[in-house]
Amino acid sequence: MKTTPAPEVRDEEVGEAPERLAHSWLGRGLFALTIVVSLSHLYFNTLGTLSEVWTSALHFGMFGLLCALSVPMLKARSATGQRLVLAVDVLLGLAALGCAFYLIGFEDALYARGVRFSTADWVVSILALALVLEFARRTTGWFIPVLCLVALTYVAWWGRHVSGVFGFPGLNWETVLYRSYMGGEGMLGSIARISWSYVFMFILFGAFLVRSGAGDFIIELARCAAGRFVGGPGFVAVFSSGLMGSVSGSSVANTVSTGVITIPLMRKAGFPARFAAGVEAAASTGGQLMPPVMGAGAFIMASYTQVSYLTIIGVAALPALLYFLSVAMFVRIEAKRSHTEEVEVAEAPRLLEVLKGGWHFLLPLVVLVASLIYGFTPTYAAGIAILSVVVASWLSTSPMTPRAILEALALGSRNMVTTAILLLTVGLIVNVVSTTGIGNTFSLMITDWAGGSLLITIVLIAVASLVLGMGLPVTAAYIVLGTLSAPALYNLMAHGQLVELIMAGDLPEQARAIFMLAAPEHLEALNAPMDAAAARELLALVPDDFRGQLYEQALSPHTLTMLLVAAHMVIFWLSQDSNVTPPVCLTAFAAAAIAQTPQMRTGFTAWKIAKGLYIVPLLFVWSPLITGSPLEMLSVFAFALFGIYAIIAGLEGYLESELSWWLRLAMFPIGALMLWPHGELVLDLLGLALFLGILAWSSRAGRASRQALA
């Protein structure tokens, strides 16, 4: 296969306003600015020695300027109006950059005054907040700015008028502004640091891959499956979306970039148009679950949990694969039902030809993984991988020229604009949550509403994620939900582990000491096994103040760490459901536009196909898919794979042939038998044997039916 050069990046492909493209000087200026922004961030993450606060301020200033020039404040119809809007946007962008330089220049003076605001401090802080909220409005809509205003005014004004657990005595506006901007918290806090380091570097890495032509290689590699498996074009969509999403981290961008090829390919092969769009939307959503980028979720999760990035992506790989295979199961069943195996996919490339022409595109991914394993930080590993993209391209027939490298730098900055503004703004909300302690209050409320039930807690989080996802991008929804509800979910999961230890009579001696202080009269009961009810009653005797110490004494540090990761992973997965769940499901809407199908009906189809989003998180909680040993993880993965297949067959009423009503109903308990955390290998094997038996029968019935039609 001869790899074709990647198309030149045009301004209209990356979101600039069309009326501004007419100004050639502005287009050239934007191109130069994006290159400067990328090079600056490469310096920040490799050789730079600036403080984190200063770097975050420059990150805000640069992307504020880029956002102001790229996304107009409003659409003007007349030429005079366009010039006026452009002039205002230039001033706003320069003001954002000015706010950054002011903080750098006058930070020492602020602390020399004992953190007393001067008039200029008041003006710059208010201006910075107003600008970031305005830029958030342009890029993500009104929901986030309004939510930020509600949060900030709660701290400074109306929180003191709220009675009950959500009451807050309040801070003065000087303190609020200091904590929001000048103090290096809020919009310049930990979320901003994640934005300018991990997220930017990996988005830039993805931009270099795309500009080098790796996108075409991914599509061609996926098409190797077409014509060789039943429903091959559908597998192309699943495979290519998984590979593309693993580096792009954006489900909508993933849908648009791969869907224009895969959706027509599926329709040509005989798949219904709405199903083709639903598969693409569901598969593209899974791109945010696939390491290494995970839609910025891996970096944020590593920051929240203080677990290494390499560990996060390591435990995320099997669940992500399980999700994509669940989508592929829908494809397989629909292919059998629609007889798509009878349709030849024209011009299906050969694997050896594809690899011969594009094997070098795999080298940067190998370099990235090897660098992480060797011990480099994710930012350094991404920087090395970016260089390897350029070097690897020299092994192809279309090496990256200096112009292509500049275009990749520009594309990286442009792709980062919305994400940078989003993360800077969400930092304000996270700061309010940590300042007021409302996160702990919300966690206690979730625990109270759920009555200590882990399942009800997960349902409440799922509902909250869906509601938040209607107004927030999925990354922001995860940040907010992770801050509010992760502690409650983690405590309940640790509580469950502790109950199991007490039931088995295996409580460590150091944990027994806490019982000696809290309930000495029941100490003897810990020496013998007991049922679950008795263990919970005994644990309820320990005061809440000692509960955290009890977890630390009874459970190993590794277990507690992986439980925390599992809690965040549950929330992260559930935060993705707004991509494919009506009434607001942007990924499904993007796929519907390509397939020319009704948006809402396509949304429901995508929601059905993405059922793995709801099943797999349950395995995080009740099985060792994340917390167990490698052998335990693989065992859960294998049985879960067939269990999900059985449930999908029950939903569709079809396997290799149509299922009778009683077999269709039987699929659900058979699937549950392999998914249920009973810990009995015999039951898992029984469920597997029943499923394989029905699969074999269905396969024979399907062949007989096709022979009869022939």
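Bear in mind that the values here come from a model prediction, so they are computed numbers and not experimental data. Heavy-atom basis, side chains included; hydrogens, waters and symmetry copies ignored.
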Asks: Is it the case that the side chain of Asn431 and the backbone of Arg179 share a donor-acceptor pair, with hydrogens and angles ignored and the cut-off at 3.5 Å?
Replies: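 Yes, because the side chain of Asn431 sits within donor-acceptor range (under 3.5 Å) of the backbone of Arg179.
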Asks: Distance from Glu407 atom CD to Thr401 atom OG1, nearest 0.5 Å?
Replies: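 One gets 7.0 Å once the value is rounded to the nearest 0.5 Å.
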Asks: Is it the case that the side chains of Asn45 and Tyr198 hold a donor-acceptor pair, with the cut-off being a distance below 3.5 Å and no angle test?
Replies: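 Asn45 and Tyr198 do not have a side-chain donor-acceptor pair below 3.5 Å.
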Asks: Looking only at atom types and distance, does a side-chain atom of Ser388 sit under 3.5 Å from a main-chain N or O of Ala385, one as donor and one as acceptor?
Replies: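 Yes: the side chain of Ser388 pairs with the backbone of Ala385.
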Asks: Atom NE2 of His41 and atom CE of Met201: how far apart are they, to the nearest 0.5 Å?
Replies: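 His41 atom NE2 to Met201 atom CE measures 10.5 Å (nearest 0.5 Å).
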Asks: Ignoring hydrogens and geometry, is there a side-chain-to-backbone donor-acceptor pair from Ser180 to Leu177 under 3.5 Å?
Replies: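 Side chain of Ser180 to backbone of Leu177, a donor-acceptor pair under 3.5 Å: no, none is there.
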Asks: Apply side chain to side chain contact (heavy atoms under 4.5 Å, CB included) to Leu289 and Phe572, showing your working.
Replies: CA-CA 9 Å; Leu289 307 173; Phe572 179 68; 4.0 Å; yes
Asks: Taking the inter-plane angle between the rings of Trp122 and Phe117 on a 0 to 90° scale, is it parallel (under 30°), tilted (30 to 60°) or perpendicular (over 60°)?
Replies: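 Trp122 vs Phe117 ring planes: perpendicular.
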Asks: Is the closest side-chain heavy-atom distance between Val367 and Ile384 below 4.5 Å?
Replies: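 Side chain of Val367 against side chain of Ile384, heavy atoms only: contact under 4.5 Å found.
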Asks: How long is the span from the CE atom in Met569 to the CH2 atom in Trp573, to the nearest 0.5 Å?
Replies: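 Reported to 0.5 Å precision, the distance equals 9.0 Å.
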Asks: So, does Ser38 use its side chain to make a donor-acceptor pair with the main chain of Leu409 at under 3.5 Å?
Replies: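 Yes, Ser38 side chain to Leu409 backbone: donor-acceptor pair under 3.5 Å.
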Asks: Are there over 12 heavy-atom neighbours, none belonging to Phe101, within less than 6.0 Å of that residue's CZ?
Replies: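 For Phe101, atom CZ is not crowded (no more than 12 foreign heavy atoms under 6.0 Å).
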Asks: So do the side chains of Phe31 and Leu406 get within less than 4.5 Å of each other, counting heavy atoms only?
Replies: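 Heavy-atom side-chain distance check passes, below 4.5 Å.
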Asks: So Phe202 and Phe205, would you call those rings parallel, tilted or perpendicular, with 30° and 60° as cut-offs?
Replies: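 Answer is perpendicular, since the angle exceeds 60°.
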Asks: Applying the side-chain contact (heavy atoms from CB on, under 4.5 Å) test to Cys67, which of Thr418, Leu92, Thr139, Val132 qualifies?
Replies: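 Single pass found, and it is Thr139.
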Asks: Quick one: does Ser212's side chain have a donor or acceptor within less than 3.5 Å of a partner on Leu209's backbone?
Replies: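 It does hold such a pair.
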Asks: Please tell me whether Thr262 and Glu280 have a donor and an acceptor in their side chains that are separated by less than 3.5 angstrom.
Replies: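 Yes, side-chain donor-acceptor contact under 3.5 Å.
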Asks: For Asp89 and Leu86, indicate whether the former's side chain and the latter's backbone hold a donor-acceptor pair under 3.5 Å.
Replies: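 Such a contact is absent between Asp89 side chain and Leu86 backbone.
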Asks: Got a second to check how far Ile35's CD1 is from Ser40's OG, nearest 0.5 Å?
Replies: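 Reported to 0.5 Å precision, the distance equals 11.5 Å.
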Asks: Atom CD1 in Ile479, atom CG in Leu422: separation rounded to 0.5 Å?
Replies: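 Spacing of CD1 (Ile479) from CG (Leu422) equals 6.5 Å.
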Asks: State, with a plain yes or no, whether a side-chain heavy atom of Trp173 is found less than 4.5 Å away from one of Val176.
Replies: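 Yes, their side chains come closer than 4.5 Å.
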Asks: Got a donor-acceptor contact below 3.5 angstrom from the Thr602 side chain to the Ala592 backbone?
Replies: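 Absent.
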Asks: Check whether more than 12 heavy atoms from other residues, nucleotides or ligands sit under 6.0 Å from atom CZ of Arg113, and answer yes or no.
Replies: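 Above 12, so yes.
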Asks: For the pair Tyr181 (side chain) and Leu188 (backbone), establish whether a donor and an acceptor sit closer than 3.5 Å, ignoring hydrogens and angles.
Replies: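 No.
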Asks: Is it true that Tyr304 and Thr483 share a donor-acceptor pair across their side chains at a distance under 3.5 Å?
Replies: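 Side-chain D/A pair, Thr483 to Tyr304: present.
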Asks: Go through the structure and list residues passing salt bridge (charged side-chain N to carboxylate O under 4.0 Å, His left out) with Glu134, not counting sequence neighbours.
Replies: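 By the salt bridge (charged side-chain N to carboxylate O under 4.0 Å, His left out) rule, Glu134 matches Arg137, Arg138.
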Asks: Taking only residues two or more places apart in sequence, or in another chain, which ones meet Leu50 in a side-chain contact (heavy atoms from CB on, under 4.5 Å)?
Replies: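 side-chain contact (heavy atoms from CB on, under 4.5 Å) list for Leu50, sorted by chain: Phe44, Trp54, Thr55, Leu58.
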Asks: Is it the case that Thr34 and Ser413 place a side-chain donor and acceptor less than 3.5 Å from each other?
Replies: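 On atom types as modelled, these side chains do not qualify, holding no pair under 3.5 Å.
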Asks: Within this structure, what is the CG-CG distance for the pair Leu368 and Leu363, rounded to the nearest 0.5 Å?
Replies: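 Interatomic distance, Leu368 CG to Leu363 CG, rounded to 0.5 Å: 12.5 Å.
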